[in-house]
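Presented below is the structure to which this report refers.
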Amino acid sequence: MSSDSRAPSVLFDVDGTLVDSNYLHVTAWLRAFDAEGVPVDGWRIHRCIGMDGTTLVRTLSGDAGQDVLDRLKDLHSEFYQETTSLLAPLPGARDLLRWVAGHGLQVVLATSAPEDELATLREILDCEDAISAVTSSEDVDTAKPKPDIVQIALERAGVGAQDAVFLGDAVWDCEAAKRAGVPSIGVQSGGVSPAELREAGATAVFEDPGDLLANVDSTLLGELARRVSDPR
């Protein structure tokens, strides 16, 4: 990991933002709900992707008991792990991470993914030398849309909200960032419309990390980079 502590930071969601994983999660949840005899439409699952896992299960399973909730989460993890060979970085993800680090900004993976999933995602990204700090599901009891994971990411980076930008693909990302006072940028690679991302708080929306990188000078990331190069 890089060690440029207290430099302005870019907080990255990972699933659906840097790695093309959202629809694998949808399929894994769909199989889990089916295995437990809980009927849920796939599109409803997709609408909840990016939400804290416990919140997602409670939202979609109605009044199911705690034992069912626990089994659903375990089954999702099992079915998702079966498909990880299909994971790939989204277009421009690696280049964007290296651009951020190369311009003196901290790269912070602000995710609530479980440790085992996060290890796989980091292996897929293959950018460990660019990463300054990381969060995971072990850091919070309830993640997005609550702001806790964003606040912990700021603490790990050693910066305030005014020195950070959040990049995410879900309305839950943008809402969590907004609650933490951090401006956000959205990407469509998670399958959410630009209008919804903007309504949730995104200052700008791009197709994927590559599209953002191609236009980075006009974004909040470009502003942060200019602050580092000219601290006056």
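In what follows, every heavy atom counts, from backbone to side chain, and hydrogens, waters and symmetry copies are set aside.
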*Apply side chain to side chain donor-acceptor pair (under 3.5 Å) to Ser193 and list each qualifying residue two or more places apart in sequence or on a separate chain.*
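Partners of Ser193 by the side chain to side chain donor-acceptor pair (under 3.5 Å) criterion, ordered by chain and then number, come out as Glu196.
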*Take atom CD of Glu78 as the centre, draw a 6.0 Å sphere, and report whether it contains more than 12 heavy atoms from other residues, nucleotides or ligands.*
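Above 12, so yes.
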_CD/Glu123: more than 12 non-hydrogen atoms of other groups inside 6.0 Å_ =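 Atom CD in Glu123 is not packed in, count stays at 12 or less.
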*How far apart are the C-alpha atoms of Val19 and Leu90, what are their side-chain angles, what is the distance that settles it, and do they pass the side-chain contact (heavy atoms from CB on, under 4.5 Å) test?*
CA-CA 5 Å; Val19 177; Leu90 282 155; 5.7 Å; no
*Can Asp169 and Ser189 be said to form a side-chain hydrogen bond (donor to acceptor under 3.5 Å, both in side chains), step by step?*
CA-CA 6 Å; Asp169 66 287; Ser189 44; over 6 Å; no
*How close do Ala7 and Gly104 get, heavy atom to heavy atom, and via which atoms?*
CB-O, 3.3 Å
Nearest 0.5 Å, please: how far is [atom2] in [Y] from [atom1] in [X]?
{"X": "Asp173", "Y": "Ile149", "atom1": "CG", "atom2": "CD1", "answer": "11.0 Å"}
{"X": "His76", "Y": "Leu30", "atom1": "NE2", "atom2": "CG", "answer": "11.0 Å"}
{"X": "Leu97", "Y": "Leu213", "atom1": "CG", "atom2": "CG", "answer": "10.0 Å"}
{"X": "Leu125", "Y": "Leu18", "atom1": "CG", "atom2": "CG", "answer": "5.5 Å"}
{"X": "Glu115", "Y": "Arg122", "atom1": "CD", "atom2": "CZ", "answer": "8.5 Å"}
{"X": "Glu199", "Y": "Leu197", "atom1": "CD", "atom2": "CG", "answer": "10.0 Å"}

*Under the side-chain hydrogen bond (donor to acceptor under 3.5 Å, both in side chains) criterion, do Lys73 and Thr54 qualify, and how do the steps go?*
CA-CA 8 Å; Lys73 292 176 69 176; Thr54 299; 2.7 Å; yes
*asked:* side-chain contact (heavy atoms from CB on, under 4.5 Å) for Trp29 and Val26? Distances and angles first, verdict last.
replied: CA-CA 5 Å; Trp29 281 118; Val26 171; over 6 Å; no
*Please find out if less than 6.0 Å separates the ring center of His25 from that of His46.*
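Between His46 and His25, which both carry aromatic rings, the centre distance is not below 6.0 Å.
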_Lys/Arg N to Asp/Glu carboxylate O, Asp163 vs Arg6, below 4.0 Å_ = no
_N-O pairing of Arg31 and Glu36 below 4.0 Å_ =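 Salt bridge: no.
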_Residue that, paired with Leu167, satisfies side-chain contact (heavy atoms from CB on, under 4.5 Å) out of Leu221, Leu212, Val100_ =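 When side-chain contact (heavy atoms from CB on, under 4.5 Å) is applied between Leu167 and each of Leu221, Leu212, Val100, only Leu212 qualifies.
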*Determine whether Tyr23 and Ile124 fall in the same hydrophobic cluster, where Ile, Leu, Val, Met, Phe, Trp and Tyr are linked whenever their side-chain heavy atoms lie under 4.5 Å apart.*
no
